[in-house]
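Notes follow once the structure below has been shown.
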Amino acid sequence: MELKASGLQIIGESPAETYPLQKKAHSFEFLREIAHLRPRTNTFGAVARMRSQMAFAMHSFFNERSFQYVHTPIITASDCEGAGEMFQVTTLDIDSLAKSGKPADYSKDFFGKKSYLSVSGQLNVETYCMALGKVYTFGPTFRAENSNTPRHLAEFWMIEPEIAFAELPEDMALAEDFIKYLLSWALDTCGEDLAFFDKRVQPGLIATLEAVRSSVFAHMTYTDAVKELEKHADDFEFKPYWGCDLQTEHERYLTEIVMKGPVIVTDYPKELKAFYMRRNDDGKTVSAMDVLVPRIGEIIGGSAREYRLDILEAAMAEKGLETAPYWWYLDLRRYGSAPHAGFGLGFERLMRYVTGMENIRDVIPFPRAPKQAEF
RNA sequence: UCCCCUGUAGCUCAGCUGGCAGAGCAAGUGGCUGUUAACCACUGGGUCCGUGGUUCAAAUCCGCGCGGGGGAGCCA
């Protein structure tokens, strides 16, 4: 395009001597340090557009299937979610408390007890699942883990659907449909931005997304997965055996070498998974699933939920959990319990998958990570 | 939190077994040009991350701290 201007007015100056962005490629590491200016670059503009589209696609998927969007709380007053270290929320004056040398009196805290930022909306959304049938949450989630990797954030957005009268097979089918729907949406509505990522960020991206869209996800039980890994034990630093937690190297091997595409691993040993997962009849495993995809690894974790009160209480006892704080969660099993299942999908992990961006800090506008809360 | 790599001009980096701080791009000035990440010439630009140490002498070697990247763990 060419313009024949009749006049030119400078509305806001941008002195070239000090403006950090130059007419050349900058490293993502550098751009992270100027997160307030990076949306002006072609890459981060494309990321922002695709992030918006993916959020819309997610709502569209659930809306088409008559799911209800439930807003679960961000602040939680019970330390009972068990999905990692939590950020404490308080209005107590930490400085004067430290000077006084006295222990904190949480009855004087805002909520009258210790409170935290939520690490998951799942327990809360299960209550609406038992009322409305098909529900999902989408909101910010907080984990105070000191993890410094290209795939973890301290503040991230998570999508958690929960479906009633469903067991693991329905859950797996939902997860697969969901991923494919999102990839289709990206391919159909974000063509220009995808072409950019394919050319400049992740060559072969579009071909990969197209292949996954029309593929059938492989299924594999944990037990079969371990058998497969044991055949190639020499390739691993950590030798696989039944009962071991699958290491990153194992997961990558399964999805990238064995299956060469997405794979859903199911039925993990009960010792490896959370208390609320449905106990299988073998007495050793639970109805859990992890969806693994090449390059990203685990993108979804989910399970059927234990809906039988006595078995759920026994599982909590095995894991040394007190039942009292979970009284309302257990009420769901006391009053009209039904099989149900759900999963969690990290929105930024989806964004990494769909854009080809390597570092999760580059697919969220203002990343929060250990020692990182500028902007 | 553990392991490895790394921190030098606005950006990307070179700088060897210690001996005067460098390049490309960017910026400024001038020139040239229907240019597509334009071209030519000149000019300016540095707390070599911080701190302690070794040494006649440290960007360079050693200790500690902080930041960045990769891997692991935790997980989504």
Side-chain angles (χ1 to χ4, degrees), chain A residues 1-5 14-35 37-38 41-42 54 58 81-86 118-122 125 136-161 175 178-179 182 199-200 236-238 244-252 264-265 268 272-274 277 288-293 295-303 342-354 357-364 367-374:
Chain A
M1 186 172 69
E2 188 170 74
L3 292 177
K4 187 175 181 184
S14 184
E17 313 89 72
T18 51
Y19 186 52
L21 290 175
Q22 297 172 8
K23 201 169 71 172
K24 62 177 232 179
H26 285 292
S27 68
F28 294 144
E29 290 84 0
F30 168 68
L31 292 172
R32 238 168 264 153
E33 295 168 10
I34 48 169
L37 298 174
R38 68 178 183 171
T41 64
N42 48 13
M54 286 300 97
M58 179 236 1
E81 302 190 28
E85 291 295 309
M86 301 172 87
S118 176
V119 295
S120 164
Q122 182 205 313
V125 88
Y136 69 105
T137 86
F138 176 53
T141 306
F142 306 88
R143 305 231 172 132
E145 302 287 350
N146 189 11
S147 54
N148 212 308
T149 81
R151 57 187 184 279
H152 290 88
L153 288 167
E155 176 183 293
F156 63 100
W157 288 64
M158 186 152 63
I159 302 156
E160 295 173 288
F178 187 40
I179 295 282
L182 294 168
K199 187 178 171 202
R200 306 285 285 272
F236 303 117
E237 186 183 345
F238 294 92
C244 79
D245 213 346
L246 257 32
Q247 304 288 317
T248 297
E249 58 176 344
H250 301 146
E251 293 182 340
R252 292 195 61 166
I264 308 180
V265 181
Y268 286 76
L272 300 179
K273 293 291 184 180
M277 296 187 177
M289 66 160 178
D290 284 351
V291 180
L292 312 176
V293 297
R295 198 179 83 238
I296 306 295
E298 183 180 346
I299 194 168
I300 283 179
S303 73
F343 60 80
L345 177 141
F347 188 59
E348 285 76 17
R349 289 192 176 171
L350 168 74
M351 286 299 300
R352 282 217 306 153
Y353 193 44
V354 99
M357 297 290 286
E358 297 282 359
N359 196 310
I360 200 165
R361 298 174 191 201
D362 295 329
V363 295
I364 188 169
R368 266 76 182 116
K371 303 278 176 1
Q372 168 102 262
E374 193 72 42

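These numbers were taken from a predicted model, which means no experiment stands behind them. Numbered from 1 within each chain, the chains take letters A, B, ... in sequence-line order. Side chains included, hydrogens not; waters and symmetry mates left out as well; all remaining heavy atoms used.
- When both pairing distances are held under 3.5 Å, B:A76 makes no Watson-Crick or G-U pair with any nucleotide shown.
- Aromatic ring pairs are classed by plane angle as parallel below 30°, tilted from 30° to 60° and perpendicular above 60°; the pair A:F178 and A:F343 is tilted.
- We find that CZ of A:F156 is positioned 11 Å from C1' of B:C74, with the value rounded to whole Å.
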Can you give me the N/O atom pairs linking the protein to nucleotides 36-38 of chain B at distances under 3.5 Å, or say none if there are none?
{"residue": "B:A38", "atom": "OP1", "partner": "A:K23", "partner atom": "NZ", "Å": "2.8"}
{"residue": "B:A38", "atom": "OP2", "partner": "A:K23", "partner atom": "NZ", "Å": "3.2"}

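- Taking atom CD1 on A:I296 and atom C1' on B:C75, their separation rounds to 14 Å, with Å as the unit.
- Taking the C1' atom of each, B:A23 and B:U8 are spaced 12 Å apart, rounded to whole Å.
- As the counterpart of B:U35, no nucleotide is assigned, since no Watson-Crick or G-U wobble pattern has both distances under 3.5 Å.
- Annotation: ring-ring contact (aromatic ring centres under 6.0 Å, His included) contacts of A:F236 (sequence neighbours excluded): A:H250, A:Y253.
- At the heavy-atom level, A:I159 lies nowhere under 4.0 Å from the strands shown.
- B:U12 sits 30 Å from B:G73 when the P atoms are compared, rounded to a whole Å.
- Across the C1' atoms, B:A58 and B:G53 are found 11 Å apart, a figure rounded to whole Å.
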Where do N or O atoms of nucleotides 67-73 of chain B meet protein N or O atoms at under 3.5 Å, pair by pair?
{"residue": "B:G69", "atom": "OP1", "partner": "A:R32", "partner atom": "NH1", "Å": "2.3"}
{"residue": "B:G73", "atom": "OP1", "partner": "A:Q247", "partner atom": "OE1", "Å": "2.3"}
{"residue": "B:G73", "atom": "OP1", "partner": "A:T248", "partner atom": "N", "Å": "3.4"}
{"residue": "B:G73", "atom": "OP2", "partner": "A:T248", "partner atom": "OG1", "Å": "2.7"}
{"residue": "B:G73", "atom": "N2", "partner": "A:N146", "partner atom": "O", "Å": "3.3"}

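- Only the P atoms considered, B:G28 is 15 Å distant from B:G10, to the nearest whole Å.
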Could you go over nucleotides 41-43 of chain B and give all protein N or O partners under 3.5 Å, atom names and distances?
none

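- One atom, CD of A:E17, and another, C1' of B:U29, lie 13 Å apart when rounded to the nearest Å.
- Comparing the C1' positions of B:C13 and B:G19 gives an interatomic distance of 23 Å, to the nearest angstrom.
- A:Q122 places its CD atom 14 Å from the C1' atom of B:C75, with the value rounded to the nearest Å.
- Taking the C1' atom of each, B:C62 and B:G45 are spaced 33 Å apart, rounded to whole Å.
- Legend: residues meeting ring-ring contact (aromatic ring centres under 6.0 Å, His included) with A:Y268, ordered by chain and number and at least two apart, are A:Y222.
- Rounding to whole angstrom units, CE of residue A:M86 and P of B:C75 are separated by 15 Å.
- Atom CD1 of A:I264 sits about 8.0 Å away from atom CD1 of A:I300, to the nearest 0.5 Å.
- Judged by Watson-Crick or G-U wobble contacts below 3.5 Å, the nucleotide B:A21 has no partner.
- Here the separation of B:C39 from B:U35, taken at their P atoms, is 13 Å to the nearest Å.
- Qualifying side chain to side chain donor-acceptor pair (under 3.5 Å) partners for A:R368, counting only residues two or more places apart in sequence or in other chains: none.
- Remark: C1' of B:U12 and CG of A:L31 are 12 Å apart, rounded to the nearest angstrom.
- Rounded to a whole Å, the NE2 atom of A:H26 is 15 Å from the P atom of B:C25.
- Rounded to whole Å, the separation between the C1' atoms of B:G63 and B:G22 comes to 30 Å.
- A 4.5 Å side-chain heavy-atom check between A:I296 and A:R151 finds every atom pair outside the cut-off.
- In this structure, CZ of A:F30 is placed 12 Å from P of B:C13, rounded to the nearest angstrom.
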